[in-house]
J.: 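Dumping the structure here so I can ask a few things about it.
A note on names: the letters A, B, ... follow the listed sequences, proteins ahead of strands, and every chain is numbered from 1.
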Amino acid sequence: MDVAALTLLALSLPFVGALVAPLLTRLLGQNAAWILALFPAAIVLHFMRFWPEVSRGEVVTGGYEWIPSFNVSFSWLIDGLSLTFVLLIAGIGTLIVLYSGGYLKGHPQQGRFFSFILMFMGSMLGLVVSDSFLMLFVFWELTSITSFLLIGFDHSREAARRAALQALVVTGGGGLLLLAGLLVIWNVTGVTQLSLLMSFGPEMRASPFYLAALLLVLGGAFTKSAQFPFHFWLPNAMEAPTPVSAYLHSATMVKAGVYLLMRLNPVLGGTPEWQMLLPLFGGATLIIGAVLACRQTDLKLMLAYTTMASLGLLVMLTGLGFPHAIEAAALYLVAHSLFKGALFMVAGIIDHETGTRDVTKLGGLRSAMPLTFVIALAAAFSMGGLPPFFGFLAKEEIYYALPSLDRRAMVFAALAILGNALMFAVAFAVALKPFIGAKVETPKSAHEAPLLLWLGPALLAAKGLSAALLSNLTHELVSTPMATAIAGEPRKITISAIPDIGMPLVLSFATIALGIVCYLNLTRLRAFIATVLADIGWGPDRGFDQFMRGLVRFSAALTRRLQSGRLDVYMTVTFVLVAAVLLGAPLYYGELPRAPFFAGDVPLHELAIMAIAVIGLFAVVLAADRLTAIVSLGIQGFAVAVIFLLYGAPDLAFTQFMIETLSVVVLALVMTRLRLSPSDHRPLAQTVPDLTIALACGIGFGLMLLKVTGVPFDASLTDFFNHYSKTIAHGANVVNVIIVDFRGTDTLGEIAVVMVTGLAILSLVRLRAGSLRRIADNDPDAEGRA
Amino acid sequence: MEAWFALLVGTFFTVAIYLLLSKSIIRVLLGVAILGNGVNLLIFTGGRLTRGVPPVIQEGADTLAGPAANALPQALILTAIVISFSFFAFLLVLAWRAYEDLSTDNTDEMRVAEPEEEPAPPLGY
Amino acid sequence: MRSVIFRAVAPFLTSLMVLFSIFVLLRGHNEPGGGFIGGLIAVSALAIYGIACGVETVRRAIYFHPMAIAGAGLFAATIAGLISIAARVPFMTGLWIYPSLLGVEVPLSTVTLFDCGVYLVVVGAISSIALSLEERGGE
């Protein structure tokens, strides 16, 4: 197989895994994780083959035609940026699958969970390798949908349902903005592929639609990456099981927005708008996230808010436009995925083994869980930016990017120091506090975690260390190609774990010192922030509830207004519109037919038949009892049949005769079962408008018919049928030939309809009395009782 | 001759729509039946009227000799007659069952699906 | 309605009408008639029989459930269309063969089969409606 076919196979592997996961889990229990982990592992191995090309700075594209007529293809783009993402997604995914095996051991829906996780993985992989816009959008929304399924995994709890819906509404809505943004870009540049778009940067930035495209794309990216003020769904998403939080809501999905910004940086970046909006929102998100993280006592929530802060930092770095900022963003993104994934899994282990996630109710776990303690510390060192971990490299690069000379840089440097210091404090509050001090009684007595649980975080933490120690290799394979892809021009990263003496190191020390102060005063800080928040009393989270409730109430009110539930109102509206169109349009365009000429070419017996029909019609309206009504209905029907007979339509006439006979029989049979008011009681106030509407419609149809018959007749179709009925369809009765041969497929559909009405009537007749109401009340037992 | 037919069709529609606007379900049904006939006549007349000669090809001939009635609207109407009958029968049975269950033939009182005092929609998740 | 004369005549009337309906069906391609009209005549025949002698008698007489007859008709009509696909022409293209039966050339076609399908659907579905309503009326 060639590379393209293998890549397609690799991209579809997670979905194959999702298909077999429930069955495997039923057979093997939690040990299915070992087999299922092979799927992402195989993807990692496949994509590592692109390392040589990508580290040389080349871009690998490939793919298949999808809808060629719309210029839509299933094509991928593999460069430093997407390759790094692919390896993070599939690599961490492998560990998450293993971890889920231990975390949800014995859960009745474990198979479904594996299925969802793998589906998400497939969507996320598709998203980051997508080259065509449409494919990007489809996978973008697929990650929202799978995230919805995962957050709502524990769907019996209302909080989980709310969080799932919230995430779907926010990120899915953002996806629609992204689609609009991509359409704008497509309109401006005329290309639908990212790889081709890269050379259109100058055109795009000069376009009058630049700002619209930018705002729409930012709408998509900011909602996905939980930037303030769209951040609220991320902490709520912690309702999901911990493997989901570790995977989707720290390492991968929430980075999709950052990925998009990095991907489009060469096209949309570098403008004053870009350099204002991104750092502004990113910086705000950084500080708000870090502050809110300090306030929490739940381990997962603390981590969730620091994730938000980190995402803010990444957006800020992507938009700053200083030298080294892009490099810092690339390094920090990788470092964050490693340490945050590990920390989430550690939080999950603590929860799983002790029964609580509340940091104030934990302590002294180091003796019971020494291995977990070591892993936690390693991850926290990386998060706190301490050497010799990869987070330290990222942090040094950030401080290289913020030369403290001009005022703008100083502001952002201060923001970065404050944010990093707070994150430092939270990192150790999560990774140190539960393990030191006196032993505290927990709901479950703590034990060291089983292999499936600690393997994932241990490998991630080890990776955080080795990536820093082998910094040259890391830079060559990962950081430099990634930064090059983001910047759209060659970049080189050289930073290593051995610190240089200089300004960045000073800033690092300042951060650490501030962080230690915050850590020691965390309880006081927490109380202070809680007071401030209580004073504000409103947040976007509550705003979301208000928005949703308003939407439901508005829809209900609108529906009630449009659907009064009264048949006569619907009918009146319908026929008023019909009359308005029939009479209004000819009047407006001056297309009224010429005055009708009641010629004497109609013999008396025909007029008599018409008169009988009219008499029958009025007799139906005026009928005082049901027998008269039935008979009158029959009279007008038979009169119509005679008219058909007189005007050369014997087939119609016979059909009409038979149908009228049957109608009378059926009506008589049903009418005897009904006790009806004998005549039409309509008050005068209703009769007059009803009659007016009916007359208007009747006149309208009459005028239309006059107009139609007044124009020359196009007989081409009739001639066709007359001409070929005998010669190619071997039938002399043209009407029958049209029904069964020329338009046979049509007739097939019609007899199917007749058959379905027959079935429907049969089942209606057989329903027991009272069952209609039960069905309307949505009573699930109705069918059983009926 | 078309003018007479226009008048007739207009009468059919007027009566049918007047009945359709009634609140009594059985009159609505009568209106449906008449509307079907009115529409058939409308299509029939729209395809132009020819007296007497049905569109049947003579023995030995290959095509219709001389003017004959338009076959196309006839084919359309023929299936329409059968289908409107089956729908009429369906509506009739539906009305009868509704009457049995709800003990009313007044459409204003048939409010099972859209009740008068509809409860507010649930606001939870 | 259940006069002795009516009840005595009804079976013969019904048989005649059903026979006539088949005649109308088969001549439909060249003279006025066809599946729809033939089917309706047959339904009227059954309805008359039902009014005269009771629905149970009719159900016994036609042996199959009316909806089964309708289903068979729809099946036949669909098969008539599908035969064309088997013959590698588009769906519903009419195919004709002229086998010689006892020295007389009998034109057979998928179109005739289709028309018979229409006939059966109309007979089955509408007599099902009529019979089920008559049944209720008699309770």
J.: What part of A:Ile630 is in contact with chain B, defined as an atom under 4.5 angstrom from a non-hydrogen atom: side chain, backbone, both or neither?
T.: neither

J.: Quick check on B:Phe44 against chain A: is it the side chain, the backbone, both or neither that has a heavy atom closer than 4.5 Å?
T.: side chain

J.: Can you list every pair that meets side-chain hydrogen bond (donor to acceptor under 3.5 Å, both in side chains) and has a residue in residues 68-94 of chain B, with sequence neighbours left out?
T.: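 For residues 68-94 of chain B, and leaving out neighbouring residues, the side-chain hydrogen bond (donor to acceptor under 3.5 Å, both in side chains) pairs sorted by first residue read A:Thr718-B:Asn70, A:Glu750-B:Thr79.
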
J.: With a 4.5 angstrom heavy-atom cut-off, could you sort out which part of A:Met548 is near chain B: side chain, backbone, both or neither?
T.: side chain

J.: Heavy-atom distance under 4.5 Å to chain B: side chain of A:Val753, backbone, both or neither?
T.: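 For A:Val753, the side chain is the part near chain B, not the backbone.
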
J.: Using non-hydrogen atoms only, which part of A:Tyr570 is less than 4.5 Å away from chain B: side chain, backbone, both, or neither?
T.: side chain

J.: Give the member of B:Thr107, B:Thr104, B:Leu42, B:Ile17 that has the highest number of heavy-atom pairs under 4.5 Å with chain A.
T.: B:Ile17

J.: For A:Phe721, is it the side chain, the backbone, both or neither that has a heavy atom under 4.5 Å from a heavy atom of chain B?
T.: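 Contact with chain B is through the side chain of A:Phe721 alone.
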
J.: Is it the side chain or the backbone of B:Leu64 that comes within 4.5 Å of chain A heavy atoms, both, or neither?
T.: both

J.: For B:Thr50, which atoms come within 4.5 Å of any heavy atom of chain A: side chain, backbone, both, or neither?
T.: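 Answer is backbone: N, CA, C or O of B:Thr50 sit under 4.5 Å from chain A.
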
J.: Tell me, out of A:Arg162, A:Met571, A:Met610, A:Arg560, who's got the most heavy-atom pairs with chain B below 4.5 Å.
T.: A:Arg162

J.: Against chain B, label A:Asp719 side chain, backbone, both or neither, depending on which of its atoms sit under 4.5 Å from a heavy atom there.
T.: neither

J.: If you count heavy-atom pairs under 4.5 Å with chain A, which of B:Val15, B:Leu78, B:Thr63 comes out on top?
T.: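 Of the options given, most contacts go to B:Leu78.
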
J.: Side chain, backbone, both or neither: which part of B:Ala89 has a non-hydrogen atom closer than 4.5 Å to chain A?
T.: both

J.: Given that the side chain runs from C-beta out, which part of A:Val552 has a heavy atom under 4.5 Å from chain B: side chain, backbone, both or neither?
T.: both

J.: Which answer fits B:Leu20, side chain, backbone, both or neither, if we ask what part of it has an atom under 4.5 Å from a heavy atom of chain A?
T.: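 The answer is both parts of B:Leu20.
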
J.: Based on non-hydrogen pairs under 4.5 Å, which of B:Ala3, B:Ala69, B:Ala61, B:Gly31 is most in contact with chain A?
T.: B:Ala3

J.: Taking A:Leu703, A:Ile643, A:Val708 one by one, which has the highest count of heavy-atom pairs under 4.5 Å against chain B?
T.: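 Of the candidates given, the most pairs with chain B belong to A:Val708.
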
J.: Less than 4.5 Å apart, side chain to side chain, heavy atoms only: is that true for B:Tyr18 and A:Thr687?
T.: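 Side chain of B:Tyr18 against side chain of A:Thr687, heavy atoms only: contact under 4.5 Å found.
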
J.: Relative to chain B, which segment of A:Ser564 carries a heavy atom at a distance below 4.5 Å: side chain, backbone, both, or neither?
T.: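 It is the backbone, since no side chain atom gets that close.
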
J.: A side-chain contact here means heavy atoms from C-beta on lying under 4.5 Å apart; do A:Gln636 and B:Asn37 qualify?
T.: yes

J.: Could you look at A:Leu607 and say if it's the side chain, the backbone, both or neither that has a heavy atom under 4.5 Å from chain B?
T.: side chain

J.: Out of the candidates B:Asp62, B:Val56, B:Ile57, only one should pair with A:Ser725 under the side-chain contact (heavy atoms from CB on, under 4.5 Å) rule; please name it.
T.: B:Ile57

J.: For A:Ile761, is it the side chain, the backbone, both or neither that has a heavy atom under 4.5 Å from a heavy atom of chain B?
T.: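 The answer is both parts of A:Ile761.
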
J.: So which residue, B:Leu29, B:Asn106, B:Ile81, B:Leu7, ends up with the most heavy-atom pairs under 4.5 Å with chain A?
T.: B:Ile81

J.: Which region of B:Ala80, side chain (C-beta onward) or backbone (N, CA, C, O), has a non-hydrogen atom less than 4.5 Å from a non-hydrogen atom of chain A, or is it both or neither?
T.: neither

J.: Using non-hydrogen atoms only, which part of A:Glu660 is less than 4.5 Å away from chain B: side chain, backbone, both, or neither?
T.: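 Looking at A:Glu660, just its side chain touches chain B.
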
J.: Could you tell me which portion of B:Val53 (side chain, backbone, both or neither) has an atom closer than 4.5 angstrom to a non-hydrogen atom of chain A?
T.: backbone

J.: So for A:Tyr647, is it side chain, backbone, both, or neither that comes closer than 4.5 Å to the heavy atoms of chain B?
T.: both

J.: Side chains of residues 690-699 of chain A: which donor-acceptor partners sit under 3.5 Å, not counting sequence neighbours?
T.:
{"unit_1": "A:Asp690", "atom_1": "OD2", "unit_2": "A:Arg682", "atom_2": "NH1", "d": "2.7"}
{"unit_1": "A:Asp690", "atom_1": "OD2", "unit_2": "A:Gln686", "atom_2": "NE2", "d": "3.1"}
{"unit_1": "A:Thr692", "atom_1": "OG1", "unit_2": "A:Val688", "atom_2": "O", "d": "2.5"}

J.: Using modelled atom types only, decide if a donor and an acceptor are shared between the side chain of B:Arg51 and the backbone of A:Leu646 within a distance under 3.5 Å.
T.: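 No, because the side chain of B:Arg51 does not come within donor-acceptor range (under 3.5 Å) of the backbone of A:Leu646.
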
J.: Would B:Phe88 and A:Val666 count as a side chain to side chain contact (heavy atoms under 4.5 Å, CB included) if you check the C-alpha gap in whole Å, the side-chain angles of each, and the deciding distance to 0.1 Å?
T.: CA-CA 10 Å; B:Phe88 175 63; A:Val666 170; 5.9 Å; no

